[in-house]
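Remarks on the structure that follows.
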Amino acid sequence: MARVLDGTAIAAEIKAEVRAEVDRLALQGIRPGLAAVLVGHVPASEIYVRSKVKTCEALGLFSELITPPETVTTEEMLALVHELNARQDIDGILIQLPLPAQVQAKLLLEAVSPDKDVDGFHPVSVGRLQTGQPGLVPCTAAGIIEILKRSQLPIAGQNAVVVGRSDIVGKPTAILLLAENATVTVCHSRTRDLPSFTRRADILVVAIGKPALVTADMVKPGVTILDAGINRVTDRAEFDRYFAGDARREELFLQKGSTIVGDVHPNAFALAGAYTPVPGGIGPLTIAMLMANTVRAAKLRRGLPV
Ligand code: NDP
């Protein structure tokens, strides 16, 4: 029977540690602060950002939600980022993506001070990660490593295969696994014969944004699967292809009219030694790691040990 890696429980553990650290820093007069910038009205972004701000409040961090209008210019956004870079009460700056087309996202992300780059997207953060220097690591990738470590799953010497090479998930996860001494293979949309690579994995990370693409015939029995995919399913026939026979899931699907499937087909989980479910696996770690990154940024900026 495959072991379920409960991301919700692990995220709760991390958030409790963040809360304790926030209380310790308060004794030194320090309150880590996060500025969340949300442009316009993208419903999914609004939900994400509000839950980030709410989590800050719950853990005792300072947070500020800044909501420029949809029509904001690159120059206005740059001025805002420079102001936030200079503010002493702000340790982390989060610019929720996507941005409207007229805003040059790359320019903006590079204007964020690397010391406040809690998303870990700045080239300086990427360089620090690559060279093993202390810095800020993209939250989902950091969360994947936390799940493995906190579940006492070995990484060193394991064959780790990462499917997906985005700057946000795939690449940083591969670098972190390498730093933990795994033997890492990175696959992508141009990989020839993907199953021949995935079948060799002891640790299989999948972050591609394609519903249930990795199936049972593509994995080795006993593998540890980390599925970052978040794909909404609303079609009944599609639901049946993934979840036929799963009564609990069906009940929720019928109630809500949708469910979420990862990038891995549930039939592959049945063969795994351990796996992160979708939902409730990697997803909850992302906000927990954002909170941990904000506290880490507050300490790094003040020269405190992390
Ligand atoms: P991107 O679209 O940025 O990257 C997808 C990657 O998958 C690319 O490298 C692409 O290859 C590769 N890919 C696409 N199709 C295939 C295929 N058929 N075979 C092999 N590789 C393929 O996605 P993200 O990394 O941002 O996100 C991936 C998934 O993770 C999504 O479902 C997203 O919703 C989810 N996600 C979840 C988060 C969370 O849990 N909180 C946070 C961020 C993302 P190529 O480079 O060649 O195009």
Side-chain angles (χ1 to χ4, degrees), residues 5-8 10-11 14-15 36 42-45 47-52 55 94-99 105-106 109 118-121 126 129 136-148 160-177 184-201 204-215 217-219 225-234 238 242 258-266 268 275-293:
L5 304 173
D6 182 348
T8 307
I10 296 172
I14 293 169
K15 284 191 268 187
V42 180
S45 296
I47 294 170
Y48 287 142
V49 171
R50 285 188 206 291
S51 87
K52 287 167 185 174
T55 310
L94 177 148
I95 300 172
Q96 186 67 40
L97 301 176
L99 289 165
K106 189 163 172 280
L109 297 180
V118 280
D119 267 331
F121 296 162
V126 177
L129 172 60
L136 299 164
V137 176
C139 301
T140 305
I144 288 172
I145 300 300
E146 285 296 321
I147 291 179
L148 288 169
V161 176
V162 180
V163 190
R165 57 172 165 179
S166 70
D167 291 338
I168 297 174
V169 189
K171 272 189 215 162
T173 304
I175 295 169
L176 288 170
L177 287 165
V184 182
T185 306
V186 181
C187 301
H188 46 80
S189 69
R190 307 285 287 273
T191 297
R192 270 189 283 133
D193 194 7
L194 182 63
S196 69
F197 291 96
T198 53
R199 273 186 213 121
R200 293 188 56 197
L204 180 62
V205 178
V206 189
I208 54 183
K210 296 275 180 320
L213 184 118
V214 172
T215 44
D217 57 317
M218 293 170 68
V219 303
I225 300 177
L226 297 123
D227 182 1
I230 303 174
N231 309 290
R232 186 166 293 279
V233 178
T234 52
E238 191 182 6
Y242 310 142
S258 70
T259 190
I260 304 287
V261 69
D263 293 341
V264 178
H265 195 294
Y275 71 95
T276 55
V278 179
I282 292 170
L285 266 293
T286 302
I287 290 188
M289 296 316 293
L290 176 69
M291 300 298 119
N293 264 356

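Residue numbers start at 1 and run along the sequence shown. Remember, it's 1-based here, ligands and their atoms both numbered in the order they're listed.
- Proximity of atom 2 (O) of ligand 1 to the protein is not indicated, since no non-hydrogen protein atom lies closer than 4.0 angstrom.
- Comparing Ala207, Gly164, Ala228 against atom 37 (C) of ligand 1, the shortest heavy-atom distance belongs to Ala228.
- In terms of protein heavy atoms, atom 15 (N) of ligand 1 is closest to Lys210 NZ, 3.6 Å.
- Side-chain atoms of Asp6 come within 3.5 Å of backbone N or O of Thr8 as a donor-acceptor pair.
- Given atom 21 (N) of ligand 1, the protein heavy atom at minimum distance is His188 C, 3.1 Å.
- Comparing Val206, Thr286, Asp263 by heavy-atom distance to atom 41 (N) of ligand 1, the nearest is Thr286.
- Side-chain atoms of Asn293 never come within 3.5 Å of backbone atoms of Asp119 as a donor-acceptor pair (strictly under, hydrogens ignored).
- Atom 46 (O) of ligand 1 has Arg165 NE, 2.7 Å as its closest protein atom, hydrogens excluded (heavy atom only).
- Crowding of Arg200 atom CZ: a count of heavy atoms from other residues, nucleotides or ligands under 6.0 Å not exceeding 12.
- Taking atom 33 (C) of ligand 1 as the reference point, the nearest protein heavy-atom neighbour is Ile230 N, 4.4 Å.
- The backbone N or O of Gly262 lies less than 3.5 Å from a partner atom in the side chain of Asn231, making a donor-acceptor pair.
- For atom 29 (C) of ligand 1, the nearest non-hydrogen atom from the set Ser166, Gly283, Ser189, Gly209 belongs to Gly209.
- Contact check for Phe197 versus Thr191: side-chain heavy atoms found under the 4.5 Å cut-off.
- The closest approach between Cys187 and ligand 1 stays at or above 4.0 Å for every heavy atom of the residue.
- The single protein non-hydrogen atom nearest to atom 5 (C) of ligand 1 is Ile208 O, 3.6 Å, given as residue, atom name and distance.
- Contact atoms of ligand 1 toward Val169: 25 (O), 43 (C), 44 (C) (distance under 4.0 Å to a heavy atom of the residue).
- Of the N and O atoms on the side chains of Thr286 and Thr140, at least one donor lies less than 3.5 Å from an acceptor on the other residue.
- Judged as a side-chain contact (heavy atoms from CB on, under 4.5 Å), and not counting sequence neighbours, the contacts of Ile230 are Ile260.
- Contact annotation: for Thr140 versus ligand 1, heavy atoms closer than 4.0 Å belong to the side chain alone.
- The side chain to side chain contact (heavy atoms under 4.5 Å, CB included) test with Val163 is passed by exactly one of Asp227, Asp263, Ile208: Ile208.
- Taking every heavy atom of Leu213 and a limit of under 4.0 angstrom, the matching atoms of ligand 1 come to 18 (N).
- The closest approach between a heavy atom of Gly170 and any atom of ligand 1 is not below 4.0 Å.
- Heavy-atom minimum distance, Leu213 versus Met218: O-SD, 3.6 Å.
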